[in-house]
Protein chains: 2
Amino acid sequence: MESEEISIVRGFCRSFTRRVGVFTDKFLGRDRPLAEARLIFEIGGQGQEVRDLRSNLGVDSGYLSRLLRSLERQGLARVMPGQKDRRLRRAELTPAGLTELDELIRRGQDFAAALLEPLSPTQRQRFVSAMLEVERLWDLSATVIEAVDPASKDAKYCLDQYYAELDRSFDQGFDLAQSITADPSETTPPHGIFLLARLNGQPIGCGAIKRIEPEVGSVKRMWVDPSARGLGLGRRMLQSLESHALELGMRKLCLETNRNLEAAQSLYRRCGYREVSPFNNDPYADFWFEKDI
Amino acid sequence: MESEEISIVRGFCRSFTRRVGVFTDKFLGRDRPLAEARLIFEIGGQGQEVRDLRSNLGVDSGYLSRLLRSLERQGLARVMPGQKDRRLRRAELTPAGLTELDELIRRGQDFAAALLEPLSPTQRQRFVSAMLEVERLWDLSATVIEAVDPASKDAKYCLDQYYAELDRSFDQGFDLAQSITADPSETTPPHGIFLLARLNGQPIGCGAIKRIEPEVGSVKRMWVDPSARGLGLGRRMLQSLESHALELGMRKLCLETNRNLEAAQSLYRRCGYREVSPFNNDPYADFWFEKDI
DNA sequence: GCTTTTACCTGACTTGAGTCAGATAATTTT
DNA sequence: AAAATTATCTGACTCAAGTCAGGTAAAAGC
């Protein structure tokens with residue numbers, strides 16, 4: 001890695017921190033402690049469960065409780081017991097709180113507008129697209145891939161998204177029962193592995209390996225959230241699967257894919273997989289690939 | 001301005017604040033108050049006068065004094081009277097302080113490196129160039145143009161830079177005495193105007209108008225710092241000069257320029273100036289322009 | 001029905017960050 | 001030489017932010 005790149009990133013972060021810090025102090029925290037303003041933001045128009053507020057803001061339970069009491073005293077929020085479980089409590093903004101939220105949102109927008117205002121239309125466009133680029137790549141960098149239980153809640157979420165997408169993509173739709181299995185037991189060590197990609201804790205992609213012969217694995221359930229595509233996350237997932245396959249004692253990986261999943265095919269080719277003749281009778285497969293790892 | 005652009009800017013700032021905040025807390029402020037870490041940074045390897053520290057960090061004099069005492073107690077810095085003026089005090093890092101500074105720098109670099117590490121070389125390149133783009137355009141947006149006394153320190157700084165650059169650019173060099181005047185008295189209302197562009201308080205460009213006939217002004221001393229070129233700051237300066245000229249009762253602006261200043265010529269053409277026959281005998285001029293405003 | 005766990009609250013703290021009103025010494029102005 | 005100004009320091013504050021050790025009510029487990 002070049003030291004020039006590092007110093008650009010450092011310089012960027014520093015100047016940015018200083019600039020946004022000025023905004024935060026002057027605009028958001030004008031007449032109220034910052035933590036309260038952030039809390040109002042986080043509760044939002046819909047309300048939130050206290051437990052979620054705590055995890056999203058990353059604050060101590062006692063501290064949050066005190067902040068909520070303070071908002072209640074100011075008539076900006078109310079906290080009430082949950083419907084089903086009366087231990088779980090839900091915070092909502094009062095009408096006055098909603099007004100305050102609007103005001104906070106407005107201040108933020110004013111700040112952004114003031115930033116864009118001196119720029120020409122072309123410059124604005126370049127400005128926002130550069131911001132999107134930084135954000136996307138930062139997201140990519142912040143994404144972590146880890147092995148999880150394929151029966152866990154997050155894994156299920158990804159699989160459901162994946163199946164729904166297959167159903168939309170395949171000419172004949174997709175029925176899980178008709179397809180070749182990749183059950184939790186098959187994608188758990190020592191038989192296989194199930195990997196999950198997370199961004200800020202949220203699942204945004206998955207991939208699995210299932211053993212089909214003593215030294216041969218099959219790549220299954222490769223999925224990346226649409227919002228994270230085009231960043232090379234699929235490639236990272238595949239590379240990660242390959243190294244886990246090696247650890248599981250596999251020497252070859254194979255996979256099948258549908259003709260409508262063109263991005264997937266080109267990913268496999270780019271990653272060194274070569275097309276082979278059909279090695280199974282998956283009703284949804286049009287192409288079969290393999291790679292010695 | 002489009003509301004989509006505004007929301008992109010808002011979203012970017014928010015996600016960025018959160019991310020850099022995590023870094024600041026975990027890395028920089030690990031074993032020492034943030035304000036002290038920033039102060040060590042600001043004193044730097046060379047040392048700094050206390051007065052400069054105060055203005056750069058934007059803190060209260062009493063607060064800074066206490067921070068400095070704290071660093072002294074920890075053996076990281078020492079403060080001593082200035083050479084000429086013994087009221088002005090100068091802060092320097094001790095060897096232990098320098099070690100600490102290195103450590104802080106290293107942590108920052110580690111953070112940046114960790115951010116770049118998961119990206120491919122191509123992605124890294126896109127990442128840093130998008131950051132540079134955001135930073136440059138943010139700089140441009142944060143640049144303010146204001147009328148100042150042409151005899152002020154900042155104006156003199158810009159003029160010196162400008163003369164030095166002319167001397168390097170012109171085939172025959174540049175001698176102020178030979179050129180057409182634009183003295184402080186000529187570029188001050190009601191005779192003319194002197195504008196300064198500032199970024200974070202630092203002068204980065206200038207431009208002036210001098211009256212040569214009751215309703216005709218001459219554009220003089222147009223200069224933009226090399227680091228800020230290519231952003232359209234020259235154009236903004238020129239537009240600002242034009243509106244000030246109108247306020248001074250002028251109806252026409254004219255100017256002369258040298259053949260080696262190609263960027264300047266194209267700026268004038270783009271802004272609606274048309275070439276005319278020579279209207280003065282400036283020894284350094286090759287082209288003459290004018291515009292009805 | 002009893003114990004354990006969960007989700008939250010309360011009170012008592014610590015620490016960091018920052019403000020403000022003088023005090024003091026060196027320098028400049030008159 | 002006296003008065004004013006400048007640069008910094010000191011002490012006495014406030015206020016936000018956050019931690020920690022219990023405590024309580026509701027729900028879940030046995």
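Letters A, B, ... are given to chains in the order of the sequence lines, protein chains preceding strands, and every chain is numbered from 1.
Residue contacts shown for R69(B) are limited to sugar-phosphate atoms, with no base heavy atom under 4.0 Å away. Nucleic acid contact for R66(A): base, since at least one base atom lies under 4.0 Å from a heavy atom of the residue. Counting any heavy atom pair closer than 4.0 Å across all strands shown, D60(B) reaches a base atom.
Of all nucleotides listed (dA17(C), dT27(C), dA26(D)), dA17(C) comes nearest to the side chain of Y63(B).
Residue R86(A) places none of its side-chain N or O atoms closer than 4.0 Å to OP1 or OP2 of dA7(C). The side chain of R87(A) places no N or O atom within less than 4.0 Å of a non-bridging phosphate oxygen (OP1 or OP2) of dA26(D). Put simply, R51(A) has no side-chain N or O that comes within less than 4.0 Å of OP1 or OP2 on dC8(C).
Comparing D85(A) and L68(B) by the nucleotide of DNA chain D that holds the closest heavy atom to each, the one mapping nearer the 5' end is L68(B).
Side chain of R90(B) to backbone of G82(B): no donor-acceptor contact under 3.5 angstrom is found.
For the pair R106(A) and E103(A), the salt-bridge criterion is met [side-chain N within less than 4.0 Å of a carboxylate O]. Salt-bridge annotation for R78(A) and E72(A): absent, with no side-chain N of the basic residue lying under 4.0 Å from a carboxylate O of the acidic one.
A straight line from CG of L64(B) to C1' of dT8(D) spans 9 Å, rounded to a whole angstrom.
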### Message
For E36(B) and L76(B): C-alpha separation, side-chain torsions, deciding distance, then whether side-chain contact (heavy atoms from CB on, under 4.5 Å) applies.
### Response
CA-CA 10 Å; E36(B) 284 184 14; L76(B) 298 175; 5.7 Å; no
